A.B. asks: 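I am attaching a structure below and will ask some questions about it afterwards.
Along the sequence shown, the residues carry numbers beginning at 1. We count ligands from 1, going down the list as the structure has it; atoms in each ligand are counted the same way. Keep in mind that what you see is a predicted model, and the values were worked out from it rather than measured.
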Amino acid sequence: MKNKDCRLKCLALSLLMICQCALAQPEHDPVPGGIALVPLTTDKNVMFDGRQVMVIESEGAYVAVVGIPLSWSPGSFHLDTAEGEVHFKIKEKQYEEQRLTIQNKRKVNPYAQDLERITRERAEMDAAFNSFRPVNRVGTNFSLPTEGIVSSSFGFRRILNGQPRSPHSGMDIAAAEGTPVNSPAAGSIVASDDYFFNGNTVMVDHGQGLITMYSHMSSISVKVGQSVNKGQYLGDVGKTGRVTGAHLHWSVSLNNARVNPGLFLNQGNTP
Ligand SMILES: [Zn+2]
């Protein structure tokens, strides 16, 4: 009887371990603005649409973690690898429309003298999002970067002051001004500036094309070039830039595609 108990306990434990291993990767949600987890037989030269993509090892097998741009349509696509093409499908997803009123009209219709600054800042952010830094083990098991009320507004088609604008490229977390913001994984600070639309912003490069961005902060406590650990303090929640109130705008990008940050949460407690 005792032996049977032990066997059952072992079985339960090993199942738990398998579950936790399987959970330690972002959620598979192959839609525009989502992530496709694509099984591979190689981790060499894995490209999607001409860009290198993240490859993780899971239970002795390789898995590509592919960011799907919000603007793409459903259909059949493929990865190029050292061992040939690997096909996968992108499914359809309809995002809701969201209408917001911004008090500072200049943040919706910038003045002519703002355009040079906006273009320069966009190039700076694009360069950071385009980075692919080889790192052996990338932390993808994220915790929320700040304590607050999470909105499900990623991908919403936005109408600002009655005018259509780009879809919402991140998750908003409503929190009081001054609430600490912490990095959800180890990485390197690649941008830290006061941007026209995003306000005080920090960008963290976690490696293998995984970049996160924190916007509208009241203060920034890190500098470009600095390394950060998982959980390290980056600054405080604020309401700088184009906002309706104090909140953290959190973007997560893979192979230069902004994806739903929620897919990186709730992976269990494995690193
Ligand atoms: Zn936002």
A.B. asks: Within less than 2.8 Å of the Zn ion (ligand 1), any N, O or S from His168?
C.D. replies: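 Checking the Zn ion (ligand 1) against His168, an N, O or S atom does fall under 2.8 Å.
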
A.B. asks: Mind checking whether the Zn ion (ligand 1) has an N, O or S of His247 under 2.8 Å?
C.D. replies: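 Checking His247: none of its N, O or S atoms is under 2.8 Å.
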
A.B. asks: Evaluate the criterion salt bridge (charged side-chain N to carboxylate O under 4.0 Å, His left out) for residue pair Arg117 and Asp193; output intermediate values, then yes/no.
C.D. replies: CA-CA 12 Å; Arg117 175 183 168 192; Asp193 215 337; over 6 Å; no

A.B. asks: Is NZ or CZ of Arg258 both nearer than 6.0 Å to the six-membered ring centre of Phe129 and within 45° of the ring axis?
C.D. replies: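 The answer is yes, since Arg258 meets both limits relative to Phe129.
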
A.B. asks: Looking at Arg99 and Glu97, is any side-chain nitrogen of the basic one under 4.0 Å from a carboxylate oxygen of the acidic one?
C.D. replies: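 Yes.
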
A.B. asks: Please find the N/O/S atom of Asp172 nearest to the Zn ion (ligand 1) and write down its name.
C.D. replies: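 The atom in question is OD1.
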
A.B. asks: Please name the atom of His249, limited to N, O or S, that comes nearest to the Zn ion (ligand 1).
C.D. replies: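 Minimum-distance N/O/S atom of His249 relative to the Zn ion (ligand 1) is ND1.
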
A.B. asks: Answer yes or no: are there more than 12 heavy-atom neighbours, outside Gln163 itself, under 6.0 Å from its atom CD?
C.D. replies: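 Yes.
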
